[in-house]
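Worksheet: the structure to be examined is printed underneath.
Because only heavy atoms are used, hydrogens play no part in the values below, and waters and symmetry mates are left out as well, while side chains stay in. Being a predicted model, the structure only gives us computed values, none of them experimental.
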Amino acid sequence: MAERKDRMALLSRYSKHHTFFYEEKPRLNINVEQWAADALIESYGIQYCYDLLAYYFDVAQNPNWKYFVNYAETIINS
């Protein structure tokens, strides 16, 4: 299990990207979504998740957290 600070850091990084892209804060329940962040961090590592998140916001037309979490492997393969 990833540390709580890493889970929250990934969600915070997502929030920063989302706020920049949409000019509004995302509506995420961080207490629920931290477990999705945990799965990503456990699978790929925190630094790779940061890089993947930045890439996702560069290429996606409508980036959102659920798609990022559910299709991380597809994003990596693209």
[X]: partners by side chain to side chain donor-acceptor pair (under 3.5 Å), with sequence neighbours left out:
X   : result
Y67 : none
N64 : none
R13 : none

Checking side chain to side chain contact (heavy atoms under 4.5 Å, CB included) for the pair Y56/L52: CA distance, chi angles, key distance, verdict? CA-CA 6 Å; Y56 176 61; L52 185 60; 5.6 Å; no

With rounding to the nearest 0.5 angstrom, report the [atom1] to [atom2] distance, [X] to [Y].
X   : Y   : atom1 : atom2 : value
L11 : D6  : CG    : CG    : 11.0 Å
M8  : S15 : CE    : OG    : 12.0 Å
Q61 : F21 : CD    : CZ    : 8.5 Å

Would you call V59 and Y55 a side-chain contact if the rule is heavy atoms closer than 4.5 Å?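 Of all side-chain heavy-atom pairs linking Y55 with V59, at least one is under 4.5 Å.
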
Using a 4.5 Å cut-off on heavy atoms from C-beta on, say whether the side chain of L40 contacts that of F68.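 Yes, at least one pair of side-chain atoms sits under 4.5 Å.
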
Determine whether a donor-acceptor pair (N or O, by modelled atom type, separation under 3.5 Å) exists between the side chain of [X] and the backbone of [Y].
X   : Y   : value
Y22 : P63 : yes
T19 : K16 : no
H18 : E24 : yes
D38 : M1  : no
E42 : A2  : yes

Under 30°, 30 to 60°, or over 60°: which ring-plane class applies to Y14 and W65, parallel, tilted or perpendicular?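 The rings of Y14 and W65 stand perpendicular, inter-plane angle above 60°.
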
Same cluster or not: are Y48 and L10 linked, directly or through other Ile, Leu, Val, Met, Phe, Trp or Tyr residues, by side-chain heavy atoms under 4.5 angstrom apart? yes

For the hydrophobic clusters of this structure (ILVMFWY residues joined by side-chain heavy atoms under 4.5 Å, transitively), does one cluster hold both L28 and Y71?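 As far as the 4.5 Å side-chain criterion goes, Y71 and L28 are connected within one cluster.
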
Ion pair present between E33 and R7, side-chain N to carboxylate O less than 4.0 angstrom?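 Here E33 does not pair with R7 in a salt bridge, since their nearest N and O are not under 4.0 Å apart.
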
